[in-house]
Amino acid sequence: MNYTEKPTALIMIFGATGDLAKRKLFPSLYRLYKRGKLSDRYAIIGVARRELTNDAFQKSVKTSIQAAIKDCDDLDSFVSHFYYHSHDVTDSSSYLSLKTMANDLDQHYQLDGNRIFYLAMAPEFFGTIAEHLKSDGLTEVSGFKRLVIEKPFGHDLESAKELNNQLRQAFSEDEVYRIDHYLGKEMVQNIEVIRFANAIFEPLWNNRYISNIQITSSEVLGVEERGRYYETSGALRDMVQNHMLQMVALLAMEPPIRLNTEEIRAEKVKVFRAMNMLEGEAVKENFVRGQYGRGTVDGVDVPAYREEQMVNPESNTETFVAGKLSIDTFRWKGVPFYIRTGKKMAAKSTKIVIQFKDIPMNLYYQTEKTLNPNLLVIHIQPEEGITLYLNAQKAGENVETTPVKLNFANSGIDGNTPEAYERLLYDCMRGDATNFTHWDEVSLSWSFVDKISEVWENTKAENFPNYEAGSMGPRKADELLEKDGFFWWPVDHLKYK
Ligand SMILES: NC(=O)C1=CN([C@@H]2O[C@H](COP(=O)(O)OP(=O)(O)OC[C@H]3O[C@@H](n4cnc5c(N)ncnc54)[C@H](OP(=O)(O)O)[C@@H]3O)[C@@H](O)[C@H]2O)C=CC1
Ligand SMILES: O=C1O[C@H](COP(=O)(O)O)[C@@H](O)[C@H](O)[C@H]1O
């Protein structure tokens, strides 16, 4: 593994005129450059069908960086390393000229034959591109070659296997970097540190002391222009199969024996293997699906999902999922992991709430009043930090308790934490695959999700739409916890009632 601080590489971005490249990849590369994390020996080739000169491409890269970052300087020098290759990826004849361009840039910038192929394109092209990269000799390099692949990685286990087999014809498993951008988020990466670097948490991190764990990732946005993709995906495939289950794995895994890619992944894989697979009736008991109807978001009336562009007016696609997961290990047996995610909800928020069990005897209230449970809240976004909710004595009162909060706000570098894509690009350039998903994780998470989609696809959701846009989802999602004696801690302010 190459852990050089300032890595050198040629990065080919397939889909370089697309939304992801403009909004995330170019600004992230620029931030790396500004933070001094790129060596001068780098070159970027943008690939897409439309005809563009290098100049026009460089201008569009500059514009997208300026749109994403205030006060950027040094842009001309940064974008002077960008080149463009107009090319339909399904057209076999264009790969040879791409290879010539890559070899020339390799020599010109002395890139040591290191290549990163970033597939920021619709997934149906992933396999074709990988095959051509090999058959047309673009992967014959003297340095490293790495393939970065965007989501979705397949539509179900079968299609994911097929895609994986295609990729593996050209790249070995350790050369494939499957992006899950949640793994690049500062506070998602912090889960391991909070757990494994604090003596006060790890001894409590089990079914003796934790009563339940709640992970919420709610969005205010709807499907926007992505109706076509979303209709075949839904919230289960779009968010649960990847981001939500990855967060579960990080919360539930055993401490790795070493902090390296292999050991961390091995522990995460064990969590996926221990997840109780739900089938048939168990899916109905433990998972709730929802679809938004009309409603009000930030004071504005918004249409129902079925009225969105490129959405079937009778769509059965879920825009919300809540579920209860069980992890059958010594550590976790009996502790429900509740997850919920959805579009057009009341708040944009990703939070993890770890609720601790009540103490065995309440010395402070002899009445119907109960002590508030201790909570550890990990704020993933928009705010980043942790809060620990404790009970303390109310000032001036005689053994009257009051909830207190210990807050840590993560303020990052210069108050500006690196973007998820910035970290992930840098990790990939350094050859650190820890925060990318291994095939074993992908296949196990698809096996879990496929069982749920099987049930949902075979039974029409009679009650859709079943939540109002601007709410926190359908009533049934609350009932899921109520029947276990819990409730969702409110994500907007997470205050005690
Ligand atoms: N946008 C986002 O926020 C996110 C996107 N993703 C994933 O990233 C990938 C890209 O998404 P996004 O950027 O939104 O998609 P866009 O539709 O915005 O961009 C697609 C890109 O592919 C190019 N393209 C399309 N067909 C061909 C072809 N036959 N040959 C060569 N180039 C082609 C297009 O350029 P041209 O028309 O000039 O050929 C364009 O540059 C997808 O897998 C998506 O799921 C994942 C997470 C978030
Ligand atoms: O992968 C995806 O994630 C986004 C949510 O990401 P976030 O970083 O804003 O929380 C989601 O909107 C999109 O549908 C999904 O494909």
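All values below were derived from every heavy atom in this structure, side-chain atoms included, with hydrogens, water molecules and symmetry-related copies excluded. Atoms within each ligand, like the ligands themselves, are counted from 1 in listed order.
The presence of a protein heavy atom under 4.0 Å from atom 17 (O) of ligand 1 is ruled out.
Protein heavy atom in closest approach to atom 6 (N) of ligand 1: Glu150 OE1, 3.9 Å. Looking at atom 42 (C) of ligand 1, its nearest protein heavy atom turns out to be Met121 O, 3.3 Å. Here the protein heavy atom with the shortest distance to atom 31 (C) of ligand 1 is His87 O, 3.2 Å. Residue, atom and distance of the protein heavy atom nearest to atom 45 (O) of ligand 1 are Lys151 O, 2.8 Å. Among protein heavy atoms, atom 15 (O) of ligand 1 sits closest to Asp19 N, 4.5 Å. Atom 23 (C) of ligand 1 has as its closest protein heavy atom Gly15 CA, 4.0 Å. Atom 11 (O) of ligand 1 has its closest protein heavy atom at Leu20 CB, 4.3 Å. Here the heavy atom of the protein found nearest to atom 30 (N) of ligand 1 is Val89 N, 3.0 Å.
With 3.5 Å as the limit, one finds a donor-acceptor pair spanning the side chains of Gln355 and Trp489.
Residue-level proximity to ligand 1 for Arg23 is carried by the side chain, the only part with a heavy atom below 4.0 angstrom. Of the heavy atoms in Tyr229, none comes closer than 4.0 Å to ligand 1. At a heavy-atom cutoff of 4.0 Å, ligand 1 is contacted by both the backbone and the side chain of Arg50.
Both cation-pi conditions hold for Lys185 and Tyr182: the charged atom is under 6.0 angstrom from the six-membered ring centre and inside a 45 degree cone around its axis. Seen from the ring of Phe201, Arg195 does not count as a face-on cation partner, given the 6.0 Å and 45° thresholds. Figure legend: Arg340 and Tyr338 shown without cation-pi pairing, the cationic atom not lying both under 6.0 angstrom from the six-membered ring centre and within 45 degrees of its axis.
Between Thr17 and ligand 1, a contact under 3.5 Å exists for at least one N or O pair. Distances between N or O atoms of Phe125 and those of ligand 1 include no value under 3.5 Å. Below 3.5 Å of separation, one finds no N or O of Phe126 facing any N or O of ligand 1.
Proximity annotation for atom 10 (C) of ligand 1: of Ala21, Ala120, Ala16, Pro152, Ala120 comes nearest, heavy atoms only.
Listed by atom number, the atoms of ligand 1 under 4.0 Å from Pro123 heavy atoms are 43 (O).
Within the 4.0 Å heavy-atom shell around ligand 1 one does not find His181. The shortest separation from a heavy atom of Thr90 to ligand 1 is not under 4.0 Å, leaving the residue out of contact.
The side chain to side chain donor-acceptor pair (under 3.5 Å) analysis of residues 55-68, with sequence neighbours excluded, yields the pairs Lys62-Asp76.
For the side-chain contact (heavy atoms from CB on, under 4.5 Å) with Arg289, the qualifying choice from Leu236, Thr317, Val283, Asn316 is Asn316, the only one to do so. Tested against Leu424, the residues Asp180, Val148, Ile179 include a single side-chain contact (heavy atoms from CB on, under 4.5 Å) partner, Ile179.
Closest approach of Tyr109 and Ser80 over heavy atoms only: OH-O, 3.6 Å.
Applying the 6.0 Å contact sphere to CG of Asp298 captures no more than 12 heavy atoms from other residues, nucleotides or ligands. For Glu224, the CD atom counts as densely surrounded, since its 6.0 Å shell holds more than 12 non-hydrogen atoms of other residues, nucleotides or ligands. Under a cut-off of 6.0 angstrom, the local environment of NZ in Lys161 is sparse, with at most 12 non-hydrogen atoms contributed by other residues, nucleotides or ligands.
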Legend entry - Full working for salt bridge (charged side-chain N to carboxylate O under 4.0 Å, His left out) between Arg35 and Glu422: CA-CA 11 Å; Arg35 291 195 212 279; Glu422 183 182 337; 2.7 Å; yes
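Interatomic distance, Tyr292 OH to Glu307 CD, rounded to the nearest 0.5 Å: 9.5 Å.
For an aromatic pair to be called close, the ring centres must be under 6.0 Å apart, and Phe320 with Tyr467 satisfies this.
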I'd like the atom pairs linking ligand 2 to the protein - N or O on both sides, separation under 3.5 Å - with distances to 0.1 Å.
unit_1	atom_1	unit_2	atom_2	d
ligand 2	1 (O)	Lys151	NZ	3.0
ligand 2	1 (O)	His243	NE2	2.7
ligand 2	6 (O)	His181	NE2	3.2
ligand 2	8 (O)	His181	NE2	2.8
ligand 2	8 (O)	Lys185	NZ	2.6
ligand 2	9 (O)	Lys348	NZ	2.7
ligand 2	10 (O)	Tyr182	OH	2.5
ligand 2	10 (O)	Lys348	NZ	2.9
ligand 2	10 (O)	Gln381	NE2	2.7
ligand 2	12 (O)	Glu219	OE1	2.6
ligand 2	12 (O)	Glu219	OE2	3.1
ligand 2	12 (O)	Lys343	NZ	3.1
ligand 2	14 (O)	Arg226	NH1	2.9
ligand 2	14 (O)	Asp238	OD2	2.6
ligand 2	14 (O)	Lys343	NZ	2.8
ligand 2	16 (O)	Lys151	NZ	2.9
ligand 2	16 (O)	Arg226	NH2	3.1
ligand 2	16 (O)	Asp238	OD1	2.7
ligand 2	16 (O)	Asp238	OD2	3.4

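For Asp450 (side chain) and Asp156 (main-chain N/O), no donor-acceptor pair under 3.5 Å exists by modelled atom type.
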